[in-house]
Amino acid sequence: MTKTLHAVRGMNDILPDEAEVWENFDVIIRDWLKGYGYRPIRLPIVEPTPLFRRAIGEVTDIVEKEMYSFEDALNGEKLTLRPEGTAGCVRAAIQHGLTVGGGRRLWYQGPMFRHERPQKGRYRQFHQVGVEALGFAGPDIDAELIVMGARLWGQLGLADVRLELNSLGSAEERASHRAALIAYLEKHEDALDEDGRRRLHSNPLRILDTKNPALQEIAEAAPKLLDHLGDASRAHFETVQAMLDDAGIAYRVNHRLVRGLDYYNRTVFEWVTDRLGAQGTVCAGGRYDTLVEQLGGKPLPAAGFAMGVERLLALWLEGGEAEYAIARPAPDVYVVHQGERAQRLAFRAAETLRDVGLNILLHCGEEGSFKSQMRKADASGAQLALVIGDDEAAAMEVSIKPLRGGGAQQRAPFAVLAEAVLDTLHGSSDDHDSHGMIEPENAGQDAGVKDGSV
Ligand code: HAM
């Protein structure tokens with residue numbers, strides 16, 4: 001027997017029940033983004049490898065060990081499956097001149113790829129919704145990005161998502177802090193773990209972010225970047241906080257929040273929850289004022305964030321307005337039929353009803369009895385069934401059977417099909433005559449479908 005193939009570890013199929021939750025999420029996301037003036041941008045999944053090395057930083061987990069990089073077999077070009085969206089978005093903005101002409105708010109979504117150890121909430125292919133605000137220097141956009149997040153959690157009905165905030169200052173300020181930090185960490189070098197020793201001189205800031213319980217005390221007592229901020233960075237950070245206070249958004253300044261990508265400066269933030277176990281960061285971002293220039297554009301301030309869709313949806317289903325999350329789109333009408341002529345009329349009927357904007361599920365495949373077809377109609381969640389048997393087909397008529405909330409079965413000429421179905425759907429009871437509806441007693445008899453008989 002041929003061996004069945006499975007998806008790559010850490011890369012998930014999203015099956016219809018779940019994919020519908022994603023679609024419900026998409027509807028909310030699009031409205032929410034419009035509310036803040038964000039415009040969509042669609043970006044390639046594969047980018048030149050040097051883009052990520054330059055943007056994210058050589059000494060980061062992502063670039064050192066998590067990228068899916070490969071050589072194009074045809075021309076040897078070094079390519080990488082995008083591990084995040086900011087680098088590609090900035091690359092596209094520079095390439096297409098979106099960096100000129102004032103501030104721009106852009107958003108994207110799609111799969112990202114990181115070769116991490118898969119566990120609950122951490123995947124090798126995962127999805128982000130990301131926003132990037134290009135060309136805004138002030139603290140107002142930082143605060144707006146954060147307020148946006150808070151609004152979305154409210155709209156999704158998510159509780160227990162808290163905000164952690166920090167400022168990484170400027171490159172010079174980080175250099176000054178870095179010197180103090182290295183001097184401090186060198187004194188504790190013997191106590192550092194392998195990662196820590198490796199990063200001591202390359203990326204000491206990341207040591208503050210360590211999850212190693214043995215290093216918590218050392219990290220906690222380390223020199224704080226906040227103490228090395230100059231006046232401008234300090235004022236920027238204070239205004240962000242004041243705006244969040246005005247908006248009534250609670251936060252914790254976490255001086256050890258450093259982020260795993262190197263492009264950040266000044267404001268950085270993460271939205272975290274305790275409800276998802278170890279992978280509790282649902283959304284993260286910050287300011288990256290030097291990235292555009294680093295990638296070859298003219299200097300341009302920028303800030304943004306990305307959220308992990310899988311994590312947010314897990315939270316939504318668990319604690320949010322799950323009812324809305326799992327709301328399933330049902331067809332308006334399920335079309336059942338029996339016999340060859342009836343099948344052809346049913347096929348036409350379905351298209352006629354789609355012409356007026358209705359969602360139609362036409363019974364296809366094995367014909368089965370009317371009874372089994374009606375069971376399927378009911379299970380589909382459709383509002384009504386259109387029933388076409390030999391007799392209806394011969395008379396060029398259809399039977400309309402409401403499936404929810406009672407209502408009598410009616411028969412109508414095919415010529416007024418759409419009007420009759422729309423009337424029934426909208427609960428119109430007074431104009432059977434106007435659309436040539438035939439009295440309930442006559443309906444569906446020949447098709448063997450009587451009210452309540454299925
Ligand atoms: P990030 O913190 O690397 O930032 O990722 C953002 C979010 O993506 C995380 O908070 C998490 O929810 C989700 N995420 C990351 N890795 C995984 C994974 N392996 N499995 C599931 N979810 C994951 C960025 O990517 C930046 N580009 C964000 C940004 C945009 N900064 C400025 N603009």
Side chains of [X] and [Y], donor plus acceptor under 3.5 Å:
X	Y	result
Ser167	Arg266	no
Thr86	Glu132	yes
Gln109	His127	no
Gln119	Gln279	yes
Asn212	Asp193	yes
His236	Asp142	yes
Tyr36	Arg151	yes

Would a distance-only check, ignoring hydrogens and angles, find a side-chain to backbone donor-acceptor pair under 3.5 Å from [X] to [Y]?
X	Y	result
Thr60	Leu261	no
Arg124	Glu116	yes
Ser372	Gly368	no
Asn24	Ala325	yes
His363	Glu367	yes
Arg39	Arg105	no
Trp153	Asp160	no
Glu164	Tyr251	no
Thr210	Arg206	no
Arg82	Pro111	yes

Rounded distance (nearest 0.5 Å) linking atom [atom1] of [X] with atom [atom2] of [Y]:
X	Y	atom1	atom2	value
Leu168	Leu226	CG	CG	9.0 Å
Ile29	Phe25	CD1	CZ	3.5 Å
Thr267	Leu145	OG1	CG	9.5 Å
Tyr334	Leu361	OH	CG	5.5 Å
Leu276	Glu318	CG	CD	6.5 Å
Leu79	Ile45	CG	CD1	13.0 Å

Please tell me if the side chains of [X] and [Y] come closer than 4.5 Å, counting only heavy atoms from C-beta onward.
X	Y	result
Val131	Leu106	no
Leu33	Met148	yes
His337	Phe347	no
Trp271	Thr281	no
Phe126	Arg114	yes
Val421	Leu358	yes
Arg287	Asn265	yes
Phe52	Ile62	no

Given side-chain contact (heavy atoms from CB on, under 4.5 Å), test Val272 with Leu163 step by step and report yes or no. CA-CA 6 Å; Val272 287; Leu163 175 63; over 6 Å; no
Describe, in one word, how the ring planes of Trp316 and Tyr324 are oriented to each other, choosing from parallel (under 30°), tilted (30 to 60°) and perpendicular (over 60°). tilted
Taking 4.0 angstrom as the limit, do [X] and [Y] come out as a salt bridge?
X	Y	result
Arg259	Glu270	yes
Arg256	Asp209	no
Asp61	Arg199	yes
Arg197	Glu194	no
Arg198	Glu64	yes
Arg178	Glu173	no
Glu47	Arg91	yes

Apply side-chain contact (heavy atoms from CB on, under 4.5 Å) to Trp107 and Val129, showing your working. CA-CA 7 Å; Trp107 78 274; Val129 169; 4.2 Å; yes
What pair of heavy atoms forms the shortest contact from [X] to [Y], and how long is it?
X	Y	answer
Leu43	Gly85	CD1-O, 4.3 Å
Leu215	Ala191	CD2-O, 3.3 Å
Tyr123	Gly10	CB-O, 3.4 Å
Glu84	Ile56	CG-CD1, 3.7 Å
Val292	Leu300	CG2-O, 3.7 Å
Arg234	Leu229	NH2-O, 3.4 Å

By the definition side-chain contact (heavy atoms from CB on, under 4.5 Å), identify the one residue from Leu225, Ile207, Leu205 that meets it with Leu181.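 Of all the options given, the one that passes is Leu205.
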Criterion side-chain contact (heavy atoms from CB on, under 4.5 Å) against Leu362, the qualifying member of Val335, Val333, Leu353: Val335
Report the C-alpha separation of Val258 and Val268 in whole Å, then their side-chain angles, then the decisive distance to 0.1 Å, and conclude whether the side-chain contact (heavy atoms from CB on, under 4.5 Å) test is met. CA-CA 8 Å; Val258 298; Val268 288; over 6 Å; no
Scan the side chains in residues 377-386 for donor-acceptor partners under 3.5 Å anywhere in the protein, sequence neighbours excluded, and list what turns up.
{"residue": "Asp378", "atom": "OD1", "partner": "Arg404", "partner atom": "NH2", "Å": "3.4"}
{"residue": "Ser380", "atom": "OG", "partner": "Ala377", "partner atom": "O", "Å": "2.6"}
{"residue": "Ser380", "atom": "OG", "partner": "Ala382", "partner atom": "N", "Å": "3.1"}

Could you give me the CA-CA distance, side-chain angles and deciding distance for Lys78 and Asp72, then say whether salt bridge (Lys or Arg N to Asp or Glu O under 4.0 Å) is met? CA-CA 6 Å; Lys78 288 187 164 49; Asp72 186 319; over 6 Å; no
Asp274 and Arg162: salt bridge (Lys or Arg N to Asp or Glu O under 4.0 Å), yes or no, with the steps? CA-CA 9 Å; Asp274 295 324; Arg162 52 175 207 280; 3.1 Å; yes
Using the side-chain contact (heavy atoms from CB on, under 4.5 Å) rule, take Leu165 and Gln241 through it: C-alpha gap first, then chi angles, then the decisive distance, then the call. CA-CA 9 Å; Leu165 196 63; Gln241 292 177 67; 4.0 Å; yes
